[in-house]
Amino acid sequence: MSTQTQIIHSIPVDPLTGSISVPIYQTSTYVQEAPGIHKGYDYARSNNPTRKVLEDVIAQLEGGTNGYAFASGLAAIDAVVKLLSAGDEIIAVDDIYGGAFRLFTHIYQKFGISIKYVDATDHRNVAEAITPATKLIWIESPTNPTLKIADIKKIAQVAKAHNVLLCVDNTFASPVSQKPITLGADIVVHSGTKYLGGHSDLISGLIVTATQQLGDKIKFIQNASGAILSPFDSWLVIRGIETLDLRVARHSQNAQAVAEYLLTEDLIGNVYYPGLASHPNYEVAKKQQKYTGGIISFDLKVDDKELAIKIVSNTKYFKLAESLGGVKSLCCLPCEMTHKSIPQEKRYAAGVTDSLIRLSVGLEDAADLIEDLKQAFAIAKKEVEVFV
Ligand SMILES: *Cc1c(COP(=O)(O)O)cnc(C)c1O
């Protein structure tokens, strides 16, 4: 069965009424026949039938046993960290999502959890960083925003050999492109805000576990901490997932065209896109991912922030906004937006310069998107003469 058929038919028809669309159970509680005698639902923080459909669909799509839906991607990440105890250590990818960096560094370090950041493009760096205190390896692949690729299978082997959990933030690739659990990961997290929702109209997070035992632990944390996804937002994510494979295929096709155009533009320094043969991890990406995704980053030959600001302020179709993965194309300047909370030195070490621009290539026509960038560069070029 093809992925798209599997996705559409993993979403059940309502057994009660035959409703082809999943019903939205907008309720806080459920009536019991006698104390403790109920239909499997007692309170809506613990269980909600609409959320349960989403949780089952994402678990199936990722090839895991259990799925859980949270109020945001960060709430999902937070629930995974709560598996740890004071004295434990996390080894995380250095090019990590800014919000995860902030959570690990500024919330969890004060509770006695320490964090080490490594370049995960070489699995040996991860292996070398492991100590007896290491309990969790945290990777993203591709990373945000420089799209570094980690070999998930090799890192999973390292994790297994040291009896350490491996969690993969699969937001950028999405499960139609790669399924980390099938490569040996223990946990997958998503910001469902991005490709899974797909329409820039909600905030959500998801966790999938490789085993029932890990799932039970996450379920306990989800109920105990309470950052659940609402019934309506659960329904929106289900609706987004219905077209996930179609959308990611088109996002990738568009991004490939835009990335190839960027290589020809003389204002530009590096172009980071896993679908370009010049990408340092091109071979791993080709082996590991079905699609190369909708995100491209590039920086300018002249590392000038004002110039980068000029470009992102003059695009018409690429709307200047944080976030990614929606139908409308977006652009952002990570140093002033998504990655502002990361200290400059650390930012540069990860390749996130002041002129680095990230594009989330949407579902418009690729030729129109290229025209849009061309006219924005033309405006900026008038300025560059001042600097060259
Ligand atoms: C956006 C994002 C998150 C955080 O998700 P929210 O839904 O915004 O809380 C985590 N990881 C990655 C890779 C992201 O892009």
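When a residue number appears, it is its place in the shown sequence, counting from 1. Only heavy atoms go into these numbers, but all of them, side chains included; no hydrogens, no water, no symmetry mates. In listed order, ligands and their atoms are each counted from 1.
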Exercise. State yes or no: are the ring centers of Y41 and Y25 separated by less than 6.0 Å?
Key: no
Quiz item: With sequence neighbours excluded, what pairs up with E265 under the salt bridge (Lys or Arg N to Asp or Glu O under 4.0 Å) test?
Solution: K381
Quiz item: Does the gap between the ring centers of Y195 and H251 come in under 6.0 Å?
Solution: yes
Quiz item: More than 12 heavy atoms of other residues, nucleotides or ligands under 6.0 Å from NZ of K116: is that the case?
Solution: yes
Practice problem: Please check if atom NZ in K319 has more than 12 non-hydrogen atoms from other residues, nucleotides or ligands closer than 6.0 Å. | Solution: no
Tabulated below should be the N or O atoms of ligand 1 paired with protein N or O atoms at under 3.5 Å; can you produce that?
residue: ligand 1; atom: 5 (O); partner: S191; partner atom: OG; Å: 3.0
residue: ligand 1; atom: 7 (O); partner: G73; partner atom: N; Å: 2.9
residue: ligand 1; atom: 7 (O); partner: S191; partner atom: OG; Å: 2.8
residue: ligand 1; atom: 7 (O); partner: T193; partner atom: OG1; Å: 2.6
residue: ligand 1; atom: 9 (O); partner: G73; partner atom: N; Å: 3.0
residue: ligand 1; atom: 9 (O); partner: L74; partner atom: N; Å: 2.9
residue: ligand 1; atom: 11 (N); partner: D169; partner atom: OD2; Å: 2.7
residue: ligand 1; atom: 15 (O); partner: K194; partner atom: NZ; Å: 2.7

Practice problem: Is it possible for you to check whether K219 lies under 6.0 Å from the centre of the six-membered ring of F70, through NZ or CZ, and within 45° of that ring's axis? | Solution: no
